[in-house]
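Notes follow once the structure below has been shown.
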2 protein chains.
Amino acid sequence: MKMDDVAKLADVSTATVSRVLTKPSMVSKKTREKVLAAIEELNYQPHVVARQFRTRETKIIMVVVPDITSAFFAGVLRGIEHYAVKNNYQVILADTENNPEREREYISLLYQKQVDGMILLTARSNQQELAHIADNYPVVLACEYMDGLNIPTVSIDNISSARKAVQHLIDLGHSRIAHITGPMDVILSRDRLRGFQQALISNDIENNPLYIQEGDFSIKSGYNQMLKLISLEVPPSAVFVFNDEMAIGAINAIKESGLNVPEDIAVVGFDNIEMASIFTPNLTTIDQPKYDIGTKAMELLLKLIRKETFSKKKYVLDNQLIVRQTCGAEINANNTLVKNKI
Amino acid sequence: MKMDDVAKLADVSTATVSRVLTKPSMVSKKTREKVLAAIEELNYQPHVVARQFRTRETKIIMVVVPDITSAFFAGVLRGIEHYAVKNNYQVILADTENNPEREREYISLLYQKQVDGMILLTARSNQQELAHIADNYPVVLACEYMDGLNIPTVSIDNISSARKAVQHLIDLGHSRIAHITGPMDVILSRDRLRGFQQALISNDIENNPLYIQEGDFSIKSGYNQMLKLISLEVPPSAVFVFNDEMAIGAINAIKESGLNVPEDIAVVGFDNIEMASIFTPNLTTIDQPKYDIGTKAMELLLKLIRKETFSKKKYVLDNQLIVRQTCGAEINANNTLVKNKI
DNA sequence: CTGCTATTTGAAAACGATTACATAAACCGT
DNA sequence: ACGGTTTATGTAATCGTTTTCAAATAGCAG
């Protein structure tokens, strides 16, 4: 069932049928109705791949996610999706399972023109390659980023937000503060570690290398690394964890060691995933504007696809420290922190 | 940069270039190398959409998921993905956010030949339409299903597994057992409810309609419905919850009401998501073979795409009751249940 | 009714690969 | 060296749209 069949039935040319479908205003009311009736009668469906082939656009954008399981990305995705659908783009997802190789495979779909553009929520593959791709195809980075790359990027300031989280612990009286990082080949891990260290330095607290343990984002690794910290000769009294998942794992490790959160060890996470406010005790954490990151990224991608020019390329959105139970803070009537920990 | 350029440089016809790319064994070693060198030199990338257009296949399959956030589907997806990649298919994801309308939109991608086949993890749209699609395109159902439909399906037996879960609570001495269901327009919800009721009936326990509350899969709804149950004149002593997320919400509601799990109210969930073994107290739940459901579904889809015939169309995989803390069971040395509840 | 412009339409050429068919080259046994 | 096979290559048609360009028609002022 092709356009030609419709054309024959409606007694017009395929050109006219095509126009009815794509720019209806160009064809007279009478023929338009005739054609639409024919389409209806034949139950004709345009062959989308043929159209894509001819027009060289797919109206599909792809989002590359490092881990579909991670609750954090759901909010970002939702933002992307909503903005995309509103603009007649379909969104498809590619899950790399934290594997840079998979990331490259998906990126090559751009080369192959299978999608009109791409939002990367992970940027671990080769910098040069990425730069080259981004020069030739619409690409936006969100959450993660890469230094020295001229690609439009939406993220938060990971250094200052980490610093803020650690400063909060320091304000509560902690000085033996540990940090469970993400994998060090991910730039976000390095950034948050730097923020952690900056906070220590500016408060004249010694940087104890034993207090830094590298996790892999998973609950389990948070659990394991926390056990290591607890078994130190002088265990930390507080720990800042790269993300909420690992923070939850860490809390479990603390509980199972017969210790209490926050009394024995305070915990601060990152991302403010839903579970942070569900888990007992509730997680103190840094909230990222997930949805806004998503919409902003999609907005930029659309401009790129439409070859609109735009001045600002890097967007740094706000973040917020959400004080709950695991840090042990208490806010008194004057709305000031109560230091409750040696 | 097209095939013709490569052909010219290598001094062969486009047919030969095409053959080098798709059936290398058909061309002599000498010309093959010549062509590959030309491809290399020009950095030629085949235009995939053109190829798709000509061959009428995309080598892409789509998985339609009701909710990307739900931890349960991650395992299924992983199974699908691994089997697909092993067979040279790309997987893309479509998240319907539990919206049947979105489900239909994605399904129409099949009509448009944008994907070679589809695995539906949700089947809420019109039955007739689905039947019609499945008659003409490769479609496999997994997890959810639809009655009276001849579509290949992979799932567990939701009725008997629910019955098993509730029977477990009864064996522990409970008779005031409530059930927080999923949305009743989802067949799985109706199945598990039926299993719940069967267990009651076969143990001569009265079916108290007040003990049945409909949730919407979310943690929050589990929380809210549990509060309702607690505030009943005669609250239940145990609750079977449609999924682990809502079970976690329910546990939080119990805790916040000053009651204990499992002493005051026992809880059994469903799915065995990762958080079930992380949350305190650990969740007793029904484990589904997520990964196997995924691989099996993809295996069937591949057979469909390749037009292989296969006898068995419906696969019902095993499930397992995982006894942890929230049901209050204790297994004694003889490996038998200890009844610990009036 | 004529001539001029604006609006609709159609014929045919793309788009870039694959592949059926034909032909040329290579190989082989006698 | 010759026919007969097998193997390797090229020619050209094809997939189903969109779009350019030209032609036809309609609309309208004088």
Side-chain angles (χ1 to χ4, degrees), chain A residues 1-39 42-60 88 108-116 136-137, chain B residues 1-39 42-60 88 108-116 136-137:
Chain A
M1 194 57 56
K2 27 189 180 176
M3 198 170 259
D4 202 41
D5 301 318
V6 177
K8 284 214 180 68
L9 181 62
D11 195 29
V12 295
S13 71
T14 61
T16 302
V17 177
S18 172
R19 281 188 279 253
V20 168
L21 255 26
T22 54
K23 9 183 127 68
S25 67
M26 269 188 79
V27 12
S28 74
K29 185 146 174 269
K30 211 173 72 186
T31 39
R32 184 172 46 208
E33 277 163 3
K34 202 168 51 174
V35 169
L36 286 175
I39 288 175
L42 295 177
N43 191 21
Y44 163 75
Q45 293 267 9
H47 189 304
V48 176
V49 175
R51 172 182 296 162
Q52 290 174 350
F53 172 52
R54 174 61 224 226
T55 62
R56 331 183 67 64
E57 61 174 20
T58 64
K59 289 283 178 188
I60 299 177
N88 277 316
S108 76
L109 294 188
L110 264 181
Y111 270 135
Q112 308 174 173
K113 315 229 195 265
Q114 299 222 52
V115 296
D116 292 348
N136 298 286
Y137 302 92
Chain B
M1 195 56 55
K2 28 192 180 175
M3 197 171 262
D4 202 42
D5 301 320
V6 176
K8 285 214 179 70
L9 181 62
D11 196 28
V12 295
S13 71
T14 61
T16 302
V17 177
S18 173
R19 282 188 279 252
V20 169
L21 254 25
T22 56
K23 10 184 127 65
S25 66
M26 269 187 76
V27 13
S28 74
K29 184 143 173 270
K30 209 174 75 189
T31 40
R32 186 171 45 211
E33 276 163 4
K34 201 167 53 173
V35 169
L36 287 175
I39 288 175
L42 296 176
N43 191 22
Y44 164 76
Q45 293 269 7
H47 189 303
V48 176
V49 175
R51 170 183 298 162
Q52 290 174 351
F53 172 51
R54 173 63 221 229
T55 62
R56 330 185 68 63
E57 61 174 20
T58 63
K59 289 285 181 184
I60 299 178
N88 276 320
S108 76
L109 295 187
L110 264 181
Y111 270 133
Q112 309 173 173
K113 317 231 195 256
Q114 301 222 48
V115 297
D116 292 347
N136 297 286
Y137 303 91

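Remember, predicted model here, so these are calculated numbers, not experimental data. Letters go in sequence order (proteins before strands), and every chain restarts at 1.
- Residue contacts shown for B/K23 are limited to sugar-phosphate atoms, with no base heavy atom under 4.0 Å away.
- B/V48 comes within contact range of no nucleotide atom at all, as no heavy-atom separation falls under 4.0 Å.
- Judged by ring centres under 5.5 Å apart and planes tilted less than 30 degrees, A/F53 fails to stack against the six-membered base ring of D/dT17.
- Smallest separation of non-hydrogen atoms from B/T14 and B/A7: N-CB, 3.8 Å.
- Contact annotation: the side chain of A/T22 never approaches that of A/T55 to less than 4.5 Å [non-hydrogen atoms, C-beta and beyond].
- Contacts of B/R56 with the nucleic acid, taken as non-hydrogen atoms under 4.0 Å apart, involve only primed sugar atoms and P, OP1 or OP2.
- Of all heavy-atom pairs between A/L110 and A/Y137, the closest is O-CE2, 3.6 Å.
- Toward the 5′ end of DNA chain C lies the nearest nucleotide of A/K29, the other residue of the pair A/K29 and A/A15 mapping further downstream.
- Among the protein residues, A/T55 comes within range of the sugar-phosphate backbone only, with heavy atoms under 4.0 Å from sugar or phosphate atoms but none that close to a base.
- Of the listed nucleotides (D/dG10, D/dT18, D/dG16), D/dT18 has the atom at the smallest distance from the side chain of A/M3.
- Of the two residues near DNA chain C, B/K2 and B/T16, the one whose nearest nucleotide lies more 5' is B/K2.
- The two residues B/M3 and B/L21 have their closest heavy-atom pair at CE-CD2, 4.0 Å.
- Within the 4.0 Å cut-off from OP1 or OP2 of D/dT9, at least one side-chain nitrogen or oxygen of B/S28 is found.
- Atom P of nucleotide D/dG16 and atom CD of B/Q114 are separated by 16 Å, given to the nearest angstrom.
- Remark on DNA chain D: of its neighbouring residues B/S25 and B/R54, the 5'-side contact belongs to B/S25, judged by nearest-heavy-atom nucleotide.
- Atom CD of A/E33 and atom P of C/dT9 are 12 Å apart (whole Å).
- Following rounding to the nearest Å, A/R19 (CZ) and D/dT19 (P) show an atom-to-atom distance of 10 Å.
- Taking atom CG on B/D4 and atom C1' on D/dG10, their separation rounds to 13 Å, with Å as the unit.
- The distance from atom CG of A/D11 to atom P of C/dT9 is 12 Å, rounded to the nearest whole Å.
- Counting any heavy atom pair closer than 4.0 Å across all strands shown, B/R51 reaches sugar-phosphate atoms only and no base atom.
- Distance A/M1 CE to D/dT17 P: 11 Å, rounded to the nearest Å.
- Test B/T16, B/V12, B/V27 against B/R32 for side chain to side chain contact (heavy atoms under 4.5 Å, CB included) and you get one pass: B/V27.
- Between B/Y44 and C/dA17 there is a side-chain polar atom (N or O) within less than 4.0 angstrom of OP1 or OP2.
- Spacing between atom NZ of A/K30 and atom C1' of C/dT7 amounts to 14 Å, rounded to whole angstrom units.
- The interatomic distance linking B/M26 (CE) with D/dT7 (P) rounds to 11 Å, in whole Å.
- No engagement by B/V17 is indicated, since no non-hydrogen atom pair under 4.0 Å with the nucleic acid exists.
- The phosphate of C/dT8 (OP1 or OP2) has no side-chain N or O of A/T31 nearer than 4.0 angstrom.
- Residues A/Y44 and A/L9 are not in side-chain contact: their nearest non-hydrogen atoms beyond the backbone lie 4.5 Å or more apart.
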